[in-house]
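Quick note: numbers below take in every heavy atom, side chains included, and nothing from hydrogens, waters or symmetry partners. If you're wondering where the values come from, they're calculated on a predicted model, not measured in any experiment. Here is the naming used below: chain letters follow the sequence lines, and residue numbers restart at 1 for every chain.
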Amino acid sequence: MLEFLARRLLVALLVCVTVLTFAFALTRLAGDLAISIAGAQATAADIEIIRKAYGLDRPILEQFFDWVGRAVVGDFGQSYFFRERVSKLIVDRLPITLTLGLVGLGIALVVALPLGVISALNEGRLADRLISVVALLGQAMPSFWLGLLLMITLGLRLGWLPISGTGTWQHFVMPGIVLAFSAIPALMRLTRSGMIDAMGSDYIRTARAKGLSRASILLKHAARNAAMPVVSIAAVQFGFMLGGSIVIETVFALHGVGFLAWESISKNDYPTVQAVVLLLAIIYTLLTLAADLLNAVLDPRLRAS
Amino acid sequence: MTALLEVEGLEISFGSLAAVRGASLQVNKGETHCLVGESGCGKSVTALSIMGLLARNGRRDARVLRFDGTDLLALNERAMSRLRGNRLAMIFQEPMTSLNPAYTVGSQMIEVMQRHRGATRAAALARAEELLARVRITSPGMRLGQYPHQLSGGLRQRVMIAMALMCSPELLIADEPTTALDVTVQAQILRLLSDLQKDLGLAILLITHDLGVVARTAHRVSVMYAGEVVESAPVAQLFTKPMHPYTRGLLDCVPVPGKVRRDQPLGSIPGMVPRMTQSFRGCAFVERCTLARPDCAGEIVRHRLAAQHDYLCQIPPDRVTAP
Ligand SMILES: Nc1ncnc2c1ncn2[C@@H]1O[C@H](COP(=O)(O)OP(=O)(O)OP(=O)(O)O)[C@@H](O)[C@H]1O
Ligand SMILES: [Mg+2]
């Protein structure tokens with residue numbers, strides 16, 4: 001187990017270093033930063049001043065190591081556009097994104113797991129088909145449209161939930177539902193296929209031959225084996241929810257990290273872009289690591305190899 | 001000799017495939033009943049249907065299916081699960097995949113006893129350890145904490161046997177418990193089963209296609225062919241006075257030292273087991289039978305040789321020549 005852990009941590013670290021390099025390279029490849037920072041009306045002299053001021057005239061490697069050196073201690077410099085420390089921007093907005101992601105993941109799991117299990121236990125019957133059709137329709141629905149639909153019904157007509165902003169937990173319910181919607185079909189399908197595989201396996205036949213209760217067969221013997229692919233995909237989906245919620249953050253006016261990424265990219269605010277990219281990459285890596293560890297807890301065979 | 005398990009007119013189908021067609025057999029208390037036959041003749045599905053463990057696409061029907069006087073056909077899943085693992089246990093043909101990879105040997109063994117006997121964890125663990133020692137697993141205490149992937153096929157099968165014995169069942173159904181194992185382990189496990197039988201008064205329904213195993217362990221033998229029990233007899237009778245052409249073919253296939261025929265592959269009768277449908281009438285063995293007659297396509301008579309010996313063939317007992 002310790003060796004497994006060490007190996008996974010090493011991989012995670014390597015991924016972070018790679019992403020660090022890419023995050024840096026990406027903004028340099030986009031063109032001469034000094035020109036884009038200076039803006040369209042700038043003279044050649046202005047651009048030179050900016051180049052000096054931001055240290056862009058130094059050798060590229062020196063810039064890189066300087067940036068990495070600061071980044072590892074959480075210093076991403078000053079945002080060009082927001083006129084604030086990048087780290088502060090992120091610290092302010094990360095909780096919103098995390099809350100939204102957790103609410104989304106929670107809703108997705110609460111809906112997808114039982115539906116997947118019900119589908120599996122009724123394989124090929126009406127309930128199974130109905131659930132697949134509904135999931136398919138859900139998947140086909142664009143999230144901004146679902147968002148608007150919810151706002152009109154739950155927000156305006158019924159007045160149950162606030163339409164935008166971040167004041168209370170209620171503010172996160174609607175965007176959470178929308179986020180969950182995109183994750184539910186995949187989670188459900190994997191739960192279903194995992195449960196079908198498990199229920200048809202020889203060890204489930206053994207469990208039945210032992211006369212175990214239905215609950216024990218389902219929850220102890222089948223679910224644990226069916227859970228592994230679900231854990232992996234849930235981690236990936238959670239990553240998407242955190243990084244890819246730009247549309248939803250825009251629709252619901254939640255100013256989280258997704259929205260920040262969008263703003264900073266459109267404004268050429270490269271210290272912020274770099275920081276956000278790096279942050280999301282680290283979150284992805286940590287999520288994958290967490291999924292691997294959780295799977296190792298579930299499956300003893302993974303711990304051995 | 002009281003009947004523990006009575007099966008009459010068992011029919012099992014998977015869609016249009018008639019896997020078992022009117023099979024009957026009886027297992028008496030404390031006896032070993034061997035079920036033999038070629039691959040695909042329906043031995044495993046017969047065993048599974050007795051346990052109520054057929055795959056979802058399988059249909060079971062029978063005139064009689066009784067265990068110790070209880071009509072199994074009338075039991076619902078809940079009532080059946082009270083018998084399974086408790087008074088009626090089964091060891092499967094697939095030792096590699098029959099244990100749950102996610103749980104330790106100990107955890108899988110004790111849950112049977114916790115479920116049926118309400119045993120405490122400690123008591124169940126003690127019992128599990130004792131049984132592991134009983135099936136000759138060395139350092140049983142350590143094995144309890146291991147996972148299936150850490151055990152060889154032979155060990156896993158022994159764990160399955162030990163697990164089946166946790167609640168001291170009256171009937172053990174063993175589906176080719178030794179095919180996956182090497183010869184020395186095979187012999188050990190068979191000896192173990194007969195020892196357990198003597199000690200515990202266990203009745204065993206042993207499925208095998210190894211006639212050597214039959215000769216060593218069985219009290220009674222039923223020969224299956226294409227979903228039917230074509231002959232059933234006490235073991236000595238079957239070996240000395242086989243009546244059905246298929247049984248005789250099987251016995252001919254047993255290599256006798258110095259008498260092995262070189263022109264025929266070992267252990268085979270020419271031809272293949274046909275795929276049966278519900279509408280089939282007549283004798284299923286006819287295509288491979290050297291004694292086939294025109295009336296083999298009609299209704300086949302079950303001849304009774306003695307109270308304990310019957311076979312399903314048109315040829316009457318007095319016309320069957322000594323082997
Ligand atoms: N779940 C299933 N679905 C469809 N057909 C099945 C199923 N299980 C068994 N069969 C068919 O039923 C017939 C009998 O199978 P069974 O497993 O009982 O054979 P067997 O006598 O145990 O053979 P072996 O010696 O190879 O174990 C075979 O033709 C098999 O293909
Ligand atoms: Mg079989």
Side-chain angles (χ1 to χ4, degrees), chain A residues 1 3-4 117-128 192-232 292-305, chain B residues 44 47-48 50-57 75 77-105 107-117 145-150 156 159-160 163-167 169 172-173 175:
Chain A
M1 188 67 195
E3 194 198 332
F4 173 84
V117 172
I118 292 171
S119 252
L121 297 183
N122 292 286
E123 191 192 350
R125 301 209 199 105
L126 187 66
D128 180 25
R192 177 183 179 274
S193 64
M195 278 306 274
I196 288 175
D197 278 357
M199 290 307 285
S201 70
D202 288 345
Y203 58 80
I204 289 300
R205 191 178 58 187
T206 306
R208 293 179 59 209
K210 294 199 288 193
L212 301 182
S213 67
R214 196 166 159 74
S216 165
I217 291 172
L218 276 181
L219 301 178
K220 180 174 176 190
H221 287 275
R224 181 142 172 188
N225 287 283
M228 282 177 261
V230 179
V231 167
S232 303
D292 284 349
L293 292 181
L294 194 51
N295 275 338
V297 170
L298 291 173
D299 187 353
R301 286 168 297 185
L302 290 178
R303 271 169 282 179
S305 60
Chain B
S44 295
L48 290 170
I50 294 167
M51 295 289 292
L53 293 176
L54 278 183
R56 259 174 61 170
N57 58 340
L75 294 187
E77 178 64 25
R78 230 187 140 80
M80 195 63 208
S81 75
R82 302 244 166 258
L83 285 182
R84 285 200 292 252
N86 187 10
R87 302 180 58 195
L88 186 66
M90 180 161 177
I91 308 165
F92 298 98
Q93 200 172 347
E94 301 83 9
M96 298 309 283
T97 49
S98 289
L99 289 166
N100 191 331
Y103 294 97
T104 60
V105 166
S107 137
Q108 296 187 60
M109 287 183 77
I110 63 174
E111 59 183 355
V112 201
M113 236 179 124
Q114 288 174 322
R115 160 89 170 151
H116 297 293
R117 297 287 148 89
Q146 286 191 315
Y147 289 94
H149 73 269
Q150 296 168 298
R156 288 187 211 187
V159 168
M160 287 297 293
M163 192 158 78
L165 297 172
M166 283 296 281
C167 290
L172 176 68
I173 300 178
D175 189 356

What's the separation between atom OH in Y103(B) and atom CG in N225(A), rounded to the nearest 0.5 Å? 7.5 Å

Does any backbone or side-chain atom of R115(B) lie under 4.5 Å from a heavy atom of chain A? Answer side chain, backbone, both or neither. side chain

My understanding is that only residues two or more places apart in sequence, or in another chain, count here; which of them pass side-chain hydrogen bond (donor to acceptor under 3.5 Å, both in side chains) with T104(B)? none

By number, which residues in residues 197-205 of chain A have some heavy atom less than 4.5 Å away from chain B? D202(A), Y203(A), R205(A)

Considering only heavy atoms, which portion of M160(B) lies under 4.5 Å from any heavy atom of chain A: side chain, backbone, both, or neither? side chain

Among I173(B), L53(B), V112(B), which has the most heavy-atom pairs under 4.5 Å with chain A? L53(B)

Spacing of CD belonging to Q114(B) relative to NZ belonging to K210(A), to within rounding of 0.5 Å: 10.5 Å

pair N100(B)-R224(A): side-chain heavy atoms closer than 4.5 Å: no

Enclosure of R56(B) CZ (heavy-atom neighbours >12, cutoff 6.0 Å): yes

Presence of salt bridge, R214(A) and E77(B), under 4.0 angstrom: no

Under 4.5 Å from any heavy atom of chain B - which part of L298(A): backbone

For K220(A) and S107(B), work out which heavy atoms get closest and say how close. NZ-OG, 3.5 Å

If you measure from CE on M163(B) to OG1 on T206(A), what distance do you get to the nearest 0.5 Å? 5.5 Å

Residue part contacting chain A, namely of L48(B), when any heavy atom lies under 4.5 Å: side chain

Of all the heavy-atom pairs spanning M51(B) and A209(A), show the shortest one and how long it is. CE-O, 4.0 Å

Do you know which two heavy atoms are closest between E111(B) and S216(A), and how far apart they sit? OE1-OG, 4.3 Å

If you count heavy-atom pairs within less than 4.5 Å of chain A, which of Q108(B), R78(B), Q150(B), M80(B) leads? Q108(B)

Applying a strict 4.5 Å limit to non-hydrogen atoms, the region of A102(B) in contact with chain A is both

